[in-house]
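Computed from heavy atoms alone, side chains included, the values below leave out hydrogens, waters and symmetry copies. Numbered from 1 within each chain, the chains take letters A, B, ... in sequence-line order.
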Protein chains: 2
Amino acid sequence: MTATLETLAQQLREHGHKLTQPRCAVLHALLSTAKPLSPAEIQALGQGFCADLGLVTVYRTLELMEEIELVRPVHLADGCHGYVLATPGHTHHVICERCHAVIEISGCGMGDFLNFVAERTGYRITGHWLEISGLCADCQHIP
Amino acid sequence: MTATLETLAQQLREHGHKLTQPRCAVLHALLSTAKPLSPAEIQALGQGFCADLGLVTVYRTLELMEEIELVRPVHLADGCHGYVLATPGHTHHVICERCHAVIEISGCGMGDFLNFVAERTGYRITGHWLEISGLCADCQHIP
DNA sequence: ATCCTAATTGAAAAGACTTTTCAATTAGGA
DNA sequence: TCCTAATTGAAAAGTCTTTTCAATTAGGAT
C-alpha cells in the first residue's frame with residue numbers, strides 16, 4: 001500500500017486536524033522522495049506547492065504528523081535528523097550512506113534477540129530503535 | 001573488563017593525545033555513572049575534579065574520545081543525546097526509559113537478520129545502530 | 001452561499017545547543 | 001629547566017528549534 005496525498009490527508013482529518021495548504025505542502029515534499037528530509041529541505045520542496053510555507057510551520061506539522069505516526073524521524077550518520085513518511089506497523093530503515101536512499105523493512109525479525117536481551121538484563125523491553133546503514137545497489141557501483 | 005581512569009588515560013596517550021586535567025575530569029564524570037550524560041552534565045560533574053572545566057572543552061574532548069572509540073553517543077527517547085563510556089567491540093545499549101540507566105549488550109545476535117535485510121534490499125550492509133528501551137529491574141517496581 | 005470561531009499560520013524574538021576564533025596556558029619531550 | 005606544539009577557557013558566532021502573537025484560514029453552522 002503506497003501512501004497518497006489523499007490517504008495521508010484523510011488521516012490528518014481523522015485525527016481532528018485541519019487540512020491546510022501548508023500541511024499539504026509538507027506531505028507533497030515527503031511524497032516526492034524516499035530519502036529522509038530535514039525540516040529545511042521540506043520547507044524548500046514544499047514551497048513549490050505553497051509558496052510562503054514557513055519553517056516554523058514545517059516544524060509544527062512534523063511534530064503533529066509524528067504524533068499520529070504519519071512520519072518517522074530518522075537519525076542520519078552525520079548527526080542531522082530527517083523525516084520520512086511512515087508506513088504503518090513496525091518497520092526499520094536501511095539507509096544508504098552515500099545517497100541517503102531509504103528502504104523500509106517491514107516485519108521485524110528481532111523478537112528472539114529482544115527476548116535474549118530481556119533475560120540477560122532483567123529489563124522489561126518496551127521498544128527498540130534500529131537503523132541499518134549500507135550502500136544501496138546503485139551506489140555500490142560508484143567508487 | 002571494567003574501564004578505569006588509568007586504562008582510559010592510557011588509550012588517550014596511545015593515540016598521541018595529551019593527558020590533561022580537563023580530559024581526566026571528563027573521564028571522571030563518565031566513570032561516575034552508567035547513565036548517558038549530556039555535555040552539560042559532564043561539565044557539571046567534571047568540575048568536581050577540575051574546577052574550571054569549560055563546556056567547550058567537554059565538547060572537544062567528547063569528539064576526540066568518540067573518534068578513538070572511548071565514548072559512544074546515545075540517542076535518548078526525548079531527543080537529547082548523551083555519551084557513555086564505550087566497551088570495546090560491537091555492543092548495543094539497553095536504556096531504561098525512566099531512570100536512563102544503561103546496560104551494554106556485548107555480542108550482537110543480529111547477523112542473521114542483517115543477512116536477510118541485505119538479501120531483500122540489495123544493499124551492502126556496512127553498519128547498524130540499535131538501541132533498546134525498556135524498564136530496568138528497579139524501575140519495574142515503581143508505579 | 002455566507003458567517004463564525006477555533007485552529008492554524010508566518011514573522012520575529014527568544015532560547016538551546018554546538019562550533020569557531022584567539023590569546024593564554026600547559027603537558028611532556030628535549 | 002626549557003621549549004614547542006597541543007590544549008585550554010571565554011567570547012562570539014552559528015545553527016537549529018521553540019515560543020509568542022497578531023493576522024489568516026478551514027470548515028461546520030447558519
Side-chain angles (χ1 to χ4, degrees), chain A residues 5-6 8-29 36-68 70-71 73-83, chain B residues 5-6 8-29 36-68 70-71 73-83:
Chain A
L5 192 59
E6 285 70 32
L8 294 167
Q10 182 60 28
Q11 293 191 62
L12 270 180
R13 294 279 198 75
E14 280 168 9
H15 285 268
H17 301 297
K18 291 188 177 176
L19 183 58
T20 63
Q21 292 289 316
R23 285 173 184 169
C24 282
V26 170
L27 289 175
H28 263 277
L37 296 175
S38 67
E41 290 169 327
I42 291 170
Q43 181 190 27
L45 282 170
Q47 286 180 335
F49 183 80
C50 174
D52 53 356
L53 174 64
L55 186 54
V56 186
T57 299
V58 174
Y59 277 101
R60 284 188 285 225
T61 302
L62 289 172
E63 186 185 0
L64 190 79
M65 293 183 176
E66 193 181 335
E67 263 165 29
I68 63 177
L70 245 50
V71 302
V74 175
H75 296 283
L76 271 44
D78 56 14
C80 304
H81 24 246
Y83 292 84
Chain B
L5 192 58
E6 285 70 32
L8 294 167
Q10 182 59 28
Q11 293 192 62
L12 270 180
R13 294 279 198 73
E14 281 168 10
H15 284 268
H17 301 298
K18 291 188 178 178
L19 183 58
T20 63
Q21 291 289 315
R23 285 174 184 170
C24 281
V26 169
L27 290 175
H28 262 277
L37 296 175
S38 68
E41 289 169 328
I42 291 171
Q43 180 190 28
L45 282 169
Q47 286 180 337
F49 183 80
C50 173
D52 53 357
L53 175 65
L55 187 54
V56 187
T57 300
V58 174
Y59 277 101
R60 284 188 285 226
T61 302
L62 288 172
E63 187 185 359
L64 189 81
M65 292 183 178
E66 194 180 336
E67 263 165 30
I68 62 177
L70 243 52
V71 303
V74 175
H75 295 283
L76 270 45
D78 55 16
C80 304
H81 23 245
Y83 292 85

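- Rounded to an integer number of Å, the gap from B/H15 NE2 to C/dA27 P is 21 Å.
- In terms of heavy atoms, A/A29 sits closest to A/L37 at O-CD1, 3.5 Å.
- Under the Watson-Crick and G-U wobble criteria, each requiring two contacts below 3.5 Å, nucleotide C/dA14 is paired to D/dT17.
- Projected onto DNA chain C by closest heavy-atom contact, A/V56 and A/T61 fall at different nucleotides, the more 5' of which corresponds to A/T61.
- Taking only side-chain atoms of B/Y59, from C-beta outward, the nucleotide of D/dC16, C/dT26, C/dT18 with the closest atom is C/dT18.
- Remark: side-chain polar atoms of A/R23 are paired, donor with acceptor, to backbone N or O of A/K18 under 3.5 angstrom.
- Between A/L64 atom CG and C/dT9 atom C1' the separation is 13 Å, expressed in whole Å.
- Base pairing of C/dG29 is made with D/dC2, judged by Watson-Crick or G-U wobble geometry with both donor-acceptor distances under 3.5 Å.
- One can place CZ of B/R23 at 6 Å from C1' of D/dT7, the figure rounded to the nearest angstrom.
- The side chain of A/T20 contributes an N or O atom lying less than 4.0 Å from OP1 or OP2 of C/dT9.
- When each of B/L62, B/L55, B/V56 is checked for a side chain to side chain contact (heavy atoms under 4.5 Å, CB included) with B/Y59, only B/L55 meets the rule.
- When heavy atoms are screened at a 4.0 angstrom cut-off, A/R60 is found touching base atoms of the nucleic acid.
- Rounded to whole Å, the distance from CZ on A/R13 to P on D/dG27 is 5 Å.
- The partner of C/dA23, taking Watson-Crick or G-U wobble pairs whose two distances both stay under 3.5 Å, is D/dT8.
- What separates CD of B/E63 from P of D/dT7 is a distance of 12 Å, to the nearest Å.
- Taking both residues in full, the closest heavy atoms of B/E66 and B/P73 are given as OE2-CG, 3.6 Å, listed atom of the first, atom of the second, then distance.
- For the pair B/Q21 CD and C/dT26 P, the interatomic distance rounds to 10 Å; values are reported in whole Å.
- A straight line from NZ of A/K18 to P of C/dA6 spans 10 Å, rounded to a whole angstrom.
- The two residues B/L5 and B/C24 make their nearest non-hydrogen contact at CD1-O, 4.2 Å.
- Taking atom CG of residue B/L53 and atom P of nucleotide D/dT8, one finds them 9 Å apart after rounding to whole Å.
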